[in-house]
Amino acid sequence: MLARILSGDTPRSPILTVALLVILFVLTLAPFLFSGAQPLNVAAKICVFILLVASYDLLLGYTGIVSFAHTMFFGIGGYGAAIALSRLGPSWSALALGIFIAIAVAGMVALVIGLFSLRVRAIFFAMITLAVATAFLVLASQLSGFTGGEDGLNYSVPEILRPSFRLFEQPIFGTAVNGRIVTYYIVFFAALFGFLLLLRVVNSPFGSVLQAIRENEFRAEALGYPVVVYRSIASVVSTMMAALAGVLLALWLRYTGPDTTLSFSIMIDVLLMVVIGGMGTLYGAAIGATLMIIAENYLPALMGKLGEAAAGIPLVSSFLSADRWLLWLGILFILSVYFFPTGIVGKLRTLWQDRKSKATQKRDGGTTGEAI
Amino acid sequence: MTDRTAEREETALASPPIDWIPILIPVAVALIALPLIGSFSTWVTLTVAALAMGMIIFIMASGLTLVFGLMDVINFGHGVFISVGAYMSLLVLRPLTGWVESPSLALNIGVLVLCILVAMAVSGMFGLVFERLIIRPVYRQHLKQILVTMGGLIIIEQLLHVFFGGSPITIALPQNFRGGLAIGPDMIVERYRLIAVVIGVAVFLAMMLVLNRTRIGLLVRAGVENPEMVEALGYRIRRLFVGVFAAGSALAGLGGVMWGFYQQTLTIGMGLQVLVLIFIVVIIGGLGSIGGCLIGSLLVALVANYTAFLEPKIALISNIALMLVVLMWRPQGLYPVVKV
Amino acid sequence: MPDPLLTLEGVHTHIGRYHILQGVDFEVPRGSFTVLLGRNGAGKTTTLRTIMGLWKASQGNIRFAGQDMTARPTPEIAAAGIAYIPENMSVFSGLTVRENLLLAARAGKIDATRLEWIFSLFPAMQRFFGSAAGTLSGGQKQMLAIARALIEPRDLILVDEPTKGLAPAIVANMIKAFREVKNAGATVLLVEQNFMAAKMLGDAVAVMDDGRIVHRGAMAELAADHALQHRLLGLHMDAHQ
Ligand SMILES: Nc1ncnc2c1ncn2[C@@H]1O[C@H](COP(=O)(O)OP(=O)(O)OP(=O)(O)O)[C@@H](O)[C@H]1O
Ligand SMILES: [Mg+2]
């Protein structure tokens, strides 16, 4: 049953299993485990980014193509919901329409880009997506009549989702179940659903073909798989999920602007989360997103303190200031590409495999050196 | 199985295959724009601006395209050398404000030349370090190349932040390069733009001279086509590549100085912004092709300038549209580089 | 008997996950014209590329003029005195014929007498000397590829199927040219599918199949023994020629 839900793709490392269970447990009960707005905010962001990063991993890790436009699709989702809610009022039908249009537009744009650039060379895709995403960012901040420009859009959500709404008369476990908590659970379950769906996709025959293409494009082509079609479909699925993540963020923040969805630094974050968690495993996306969001929310403050402590030393303090967060991320990023190309999840899995095969060797008197 | 001989008769000598159509496109674009713009003097102003911008973009893009052609390396960090170059001009401009403000043309030229030399030296050096530390471990792995060069870009950008601060810095053009020059009745073009065109053309000619008249140039041209065969003739393509990489980075630095003066404002993100244009240019021109790079640069600049005048809202995406149109026509770019 | 110029001992080569050469042994005596024969896909091209260091041998060793070449980078191998004429010719199509030759001349300039000699081998070349190599026909490209290997003296010339896909008249010219090269005392290792040509040129012969050498001997011997030809090469007498 559990294996069915996970599409047969189990974590394959006890430490990883425990980590994932902890993440799942904490996210499931977040509203009741913590008090105050900040932790719930972090938890909701983690949910959104797990979905966003997992959908990106379908492209980067499973299909082997680099896109710099993933946040554009994230933004299309966000703006879709935001524009619908602010134009048509805070109704469910407006939201549904916004979601539908956003996801359809995302899929279509992805298809067009894919057909143009995946046909030629994989690196074209990286370059073209960077160009298109930049143009979109400029467009979104210029067309202020439509998108709110640099300031973004503030809007109301349907009543049930507002903080003033109470689902039950009585508090549950000492927590009043208000509209924020309802929203949180919508975000949580939608993200969980999207994640499991992606797990299904990557473990389907379709997913295996994608990986075959990643390993050897020419062989896959020779075996009769239309590489461009497969890549384009992967790209479309991935971007639709990214748009969904954007919708969820829009619902949670009740605000959508360039900085929350489109900015290049979010793109870099997503790349980092995938690489650090482990490319080519969706669990890596979950681990990477969780770690990074927590770090981003709590580490800069720490760095700021360190920077203040080092205030006397001129250059050191500027390297340590909270604004230099990206510098350290960049270094971490390069180091992990070089030294941990399989990320945390890959590392955990090889550790566990080595351990298991050593154990087998011991049991069999060291005869089965190759058995894994 | 021995009957694979025959066929392929010795055909008559084909004429040299210069493909003129791409060369004519920028000219056509300029001519079509003239009636749309309506006023001849406005058209001249826009065209000169576009030529200046196009030549600057060409200088910045040429290194990227050669580096790709030679070693199949795609450097997403290229943009940061532009920022590095631009910021290095501050090292010259700040102590030499007197030269900038001086009415003496010689001092003005001197300060510009100094800026260029310092910027090229520093960004060339950054290029060497970048190649050694960041790119060398990931040869022949495109995916990792894209990732680590992007990482390198972030790191160097952040270093600029540390040393120069994050807010935009305005810089002043040397005294004699400010303002416009009347080149005819009603026709005024900005002096600096003319200077940019002159420097751009000079760099282009120098590059052509090196590529066509020197042994190194011969090696680069051959290496872009077939690096393996160049090695089989006894040349170390790696060394050549490091040289081209450093030269390309230095040119990006030169472009950075010129772009900085063009906009008269420096921001740390300027390199990344221009990188996007550069990518469009090299995709349009054909990755690895120098001629395509020049035409792509001019085309992008012309289209950007004309649409910015005619329909500012469209200007934002005009380059993307241009790229899509070109790719529809020639999926490998205007001058596809024949690779073996 | 002096040391052979080139010796391959137990050479294995992997391309990606495929094990292509599975223990290749043979030698090329100094001053000889050795022909390497074998079916399509036997591994002849892979053997030449391994000698040039374009694929790395995973096992075994390659000695050239008394030095171990096995792990050397390609440019060093070339500089040691080996010229390579690949199967697809690999002329630089953006360069003129003259520039192609200029690049192949590591001295930095083309020796006039050498060039005269090359023109005497391929008179047609004088006509297209200034053209871009990309505009040449297949036969002209092949002439250029060979000329590139001859523009300076090299101790050993590796040639991969120079007659492939060429018209008979041009093949005849090629054969004549290689005879001249042979008479000039060069050592040549020629991969050839055209047995007729091979017979006319070779002193020694090695036959490959499935990544191994399956026969070595004198060319005269193989040329005389039709049964052996049939067994090794699947040739039905000289039916094709
Ligand atoms: N780049 C490569 N990747 C995978 N396999 C290769 C590669 N190059 C060659 N091979 C395989 O190695 C084997 C030997 O190839 P090779 O080109 O050396 O044969 P050959 O004897 O030169 O054949 P031909 O007469 O067709 O030129 C073939 O089975 C071929 O499929
Ligand atoms: Mg072959």
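Numbered from 1 within each chain, the chains take letters A, B, ... in sequence-line order. Model, not experiment: these values are computed from the prediction.
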Legend entry - Test side-chain contact (heavy atoms from CB on, under 4.5 Å) applied to Phe333(A) and Ile155(B), step by step: CA-CA 10 Å; Phe333(A) 183 65; Ile155(B) 293 175; over 6 Å; no

Inset, instruction - Let me see the working for Phe124(A) and Leu327(B) under side-chain contact (heavy atoms from CB on, under 4.5 Å), right down to the final yes or no. - result: CA-CA 11 Å; Phe124(A) 268 40; Leu327(B) 287 183; 4.2 Å; yes

Inset, instruction - Identify which part of Leu143(A) has an atom lying under 4.5 Å from any heavy atom of chain B, answering side chain, backbone, both or neither. - result: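 The answer is the side chain of Leu143(A).
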
Legend entry - Phe68(A), part contacting chain B, at a heavy-atom distance under 4.5 Å: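 For Phe68(A), the contact with chain B is made by the side chain alone.
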
Legend entry - Shortest non-hydrogen contact from Ile146(B) toward Ala126(A): CD1-CB, 3.7 Å

Inset, instruction - Could you pull out the closest heavy-atom pair between Ala131(A) and Val276(B), with the gap in Å? - result: CA-CG1, 3.5 Å

Please tell me if the side chains of [X] and [Y] come closer than 4.5 Å, counting only heavy atoms from C-beta onward.
X: Ile268(A); Y: Ile154(B); result: yes
X: Met127(A); Y: Ile74(B); result: yes
X: Tyr338(A); Y: Lys144(B); result: no

Report which part of [X] has an atom under 4.5 Å of a heavy atom belonging to chain A: side chain, backbone, both, or neither.
X: Met328(B); answer: both
X: Ile320(B); answer: side chain
X: Leu324(B); answer: both
X: Leu272(B); answer: side chain
X: Leu147(B); answer: both

Inset, instruction - Rounded to the nearest 0.5 Å, what's the gap from CG on Leu159(B) to CG on Leu327(A)? Could you check? - result: 5.5 Å

Inset, instruction - Nearest 0.5 Å please: distance from the NE2 atom of His161(B) over to the CG atom of Leu326(A). - result: 8.0 Å

Counting only heavy atoms not in [X], do more than 12 sit closer than 6.0 Å to its [atom1] atom?
X: Tyr139(B); atom1: OH; result: yes
X: Arg132(B); atom1: CZ; result: no
X: Phe264(A); atom1: CZ; result: yes

So which of [options] has the biggest tally of heavy-atom pairs under 4.5 Å with chain B?
options: Leu332(A), Thr134(A), Ile65(A); answer: Thr134(A)
options: Leu130(A), Leu272(A), Val275(A); answer: Leu130(A)
options: Val112(A), Ile113(A), Ile128(A), Leu271(A); answer: Ile128(A)

